[in-house]
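Just below is one structure, and these are the notes that go with it.
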Amino acid sequence: MAGLVSPKPVSYLQQHAQYNPYSRTMPAFSETPPLTAAAALAHPIPHQTPLPYVPNSAPPATLLVHEESKIHSLVIDLLDPNAREGALLELSKKREQYEDLALVLWHSFGVMPALLQEIVSVYPLLSPPNLTAHISNRVCNALALLQCVASHTETRQLFLNAHIPLFLYPFLNTTSKTRPFEYLRLTSLGVIGALVKQNDNNTVIHFLLSTEIIPLCLRIMETGSELSKTVAIFIVQKILLDETGLTYICHTYERFYAVGTVLSNMVNQLVETQAVRLLKHVVRCYLRLSDNLRAREALRACLPEPLRDQTFSNLLKGDMVTKRCLTTLLNNLNEP
């Protein structure tokens, strides 16, 4: 993809703290090459729905003890290669019911290496693509448990310190449109999404900026299914909302051009697909970019016309929040 470059680590920004002018003239920002849209695939969402809380209906203490004992037994089964598949399935279903599961997984001897073994064992099937639905479901159950660890306040930093997200990047780097691969990418994105979803995520953003996450997300925003695109752009949006992330993306022409190209292409696709969830994230990304003075100047020349000419007015009819964001974006660009 034109303009897509691998990000430099955060240390690069620390060594170049002074904001440098873009290496090309500003009109070049409007040079947005056409990109080919990929047909979205329909597939299940790899997330379990939390059980609803019903007041005054707590189960007896003996039942709670029994359930906790059963979960501990399943965690132990993860160490047995013959029992691991069933344990992965059952624990992935129960992870929303037991809030301390992340702590048990992280602090139980040998469990995290067992989960990583499940992930690494799939690598040979990625290229050439030879991933079956059965294997994809199994590794996605392991990823669901990693998402549990990534979401917990007491294990999230430990998860980052171990650089475990890097084990997911080979899955995000795949391009096959088959359902097993799409399901694998979506579940992997869910783990990264769980990391950035937290409010105190400055450390998370610094870590992600030192990796290849931005180019990976941009490619999925171009070619993935609607669900994958939604999670990928959510991750990019959360990076932009952090001051370090915004400065990083707007620091050079190449980074801004890469992000702007993909967002522009998504707007053109949304004219056809009318996917309101994606449109909300696209508008918020553009609005955040307009907070940077250099990027704002560039957006005056390259903001897609459908965002200016009321093309999406009917789609946003009942969404006052996104309408206000779009109005604020246009006002920002009209300011002298």
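Keep in mind it's a predicted model, so treat the numbers as computed, not measured.
A salt bridge does not link Asp77 with Arg84: every distance from a Lys NZ or Arg NE/NH1/NH2 to an Asp or Glu carboxylate oxygen is 4.0 Å or more. Salt-bridge formation is detected for the pair Lys94/Glu67: a Lys NZ or Arg NE/NH1/NH2 atom is positioned less than 4.0 Å from an Asp or Glu carboxylate oxygen. Note on Glu226 versus Arg277: salt bridge recorded, some NZ/NE/NH1/NH2 to OD/OE distance being below 4.0 Å. Under a 4.0 Å N-O distance rule, the pair Arg185/Glu182 qualifies as a salt bridge.
In the model, Arg219 has a side-chain atom that pairs as donor or acceptor with a side-chain atom of Asn173 under 3.5 Å. Side-chain polar atoms of Thr178 and Ser176 form a donor-acceptor pair below 3.5 angstrom. Of the N and O atoms on the side chains of Arg95 and Gln147, not one donor lies less than 3.5 Å from an acceptor on the other residue. There is a side-chain donor-acceptor pair under 3.5 Å between Glu85 and His134. Side-chain atoms of Gln237 and Lys280 include no donor-acceptor pair closer than 3.5 Å.
Panel note: side chain Arg255, backbone Ile249; no donor-acceptor pair is recorded below 3.5 Å. Side chain of Thr174 to backbone of Phe171: a donor-acceptor contact under 3.5 angstrom is found. Using a distance-only test at 3.5 Å, with no hydrogens or angles considered, no donor-acceptor pair links the side chain of Arg156 to the main chain of Val149. In terms of modelled atom types and a separation under 3.5 Å, the side chain of Thr261 and the main chain of Tyr257 share a donor-acceptor contact. Under the 3.5 Å distance criterion, the side-chain polar atoms of Ser290 are matched with a main-chain donor or acceptor of Leu287. Asp319 places a side-chain N or O within 3.5 Å of a backbone atom of Thr322 that can act as its donor or acceptor partner. Using modelled atom types, no side-chain atom of Thr223 and backbone atom of Ile220 make a donor-acceptor pair closer than 3.5 Å. With hydrogens and angles ignored, the 3.5 Å screen pairs no side-chain donor or acceptor of Thr155 with any backbone N or O of Leu158. Formation of a donor-acceptor pair under 3.5 Å by the Ser92 side chain with backbone atoms of Asn141 is not found in this model. Under a 3.5 Å cut-off, the side chain of Ser108 and the backbone N or O of Leu105 do not form any donor-acceptor pair.
The two residues Thr203 and Gln157 come nearest to each other via the heavy atoms CG2-OE1, 3.3 Å. Contact between Phe181 and Leu125 at its shortest, heavy atoms only, is CZ-O, 3.7 Å. When every heavy atom of Lys229 is checked against every heavy atom of Gly224, the shortest pair comes out as CE-O, 3.1 Å. Val276 and Leu316 get closest at one heavy-atom pair: CG2-CD2, 4.3 Å. Scanning both residues, Pro165 and Tyr169, for their nearest heavy atoms gives O-CD1, 3.2 Å. Minimum interatomic distance between Ala144 and Thr187 (heavy atoms only, all atoms of both residues): N-CG2, 4.5 Å.
Taken to the nearest 0.5 Å, the OG atom of Ser188 stands 13.0 Å off from the CZ atom of Phe167. Remark: Leu241 CG to Arg288 CZ distance equals 6.0 Å, nearest 0.5 Å. To the nearest 0.5 Å, the span separating CG on Leu78 from CG on Leu88 amounts to 5.5 Å. Rounding to the nearest 0.5 angstrom, the gap separating the CG atom in Leu326 from the CG atom in Asn331 is 9.5 Å. Interatomic distance, SG of Cys217 versus CD1 of Ile235, reported as 4.0 Å (0.5 Å rounding). One distance of note links OH of Tyr286 with CG of Leu333; it measures 10.5 Å at 0.5 Å rounding.
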Practice prompt. In sequence, state the C-alpha distance, the side-chain angles, and the governing distance for Arg284 and Ile233, and then conclude on side-chain contact (heavy atoms from CB on, under 4.5 Å).
Written response: CA-CA 10 Å; Arg284 283 166 171 79; Ile233 195 174; over 6 Å; no
Fill in: Trace of the side-chain contact (heavy atoms from CB on, under 4.5 Å) decision for Asp100 with Tyr98
CA-CA 6 Å; Asp100 289 334; Tyr98 184 47; 4.1 Å; yes
Practice prompt. Mind running side-chain contact (heavy atoms from CB on, under 4.5 Å) on Ile135 and Val122 for me, showing each step along the way?
Written response: CA-CA 8 Å; Ile135 296 176; Val122 178; 4.1 Å; yes
Worksheet entry | Worked check of salt bridge (charged side-chain N to carboxylate O under 4.0 Å, His left out) between Glu90 and Lys70 | CA-CA 10 Å; Glu90 291 303 314; Lys70 184 177 179 180; 5.4 Å; no
Discussion item. Go through it in stages, so that I can follow the logic: the residues are Glu118 and Arg138, the test is side-chain contact (heavy atoms from CB on, under 4.5 Å), and I'd like the CA-CA distance, side-chain angles, deciding distance and then a yes or no.
Written reply: CA-CA 8 Å; Glu118 286 293 308; Arg138 174 167 173 162; 2.7 Å; yes
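A tilted orientation is assigned to the rings of Trp106 and Phe159, their planes being inclined by 30° to 60°.
Seen from the ring of Phe256, Arg294 does not count as a face-on cation partner, given the 6.0 Å and 45° thresholds.
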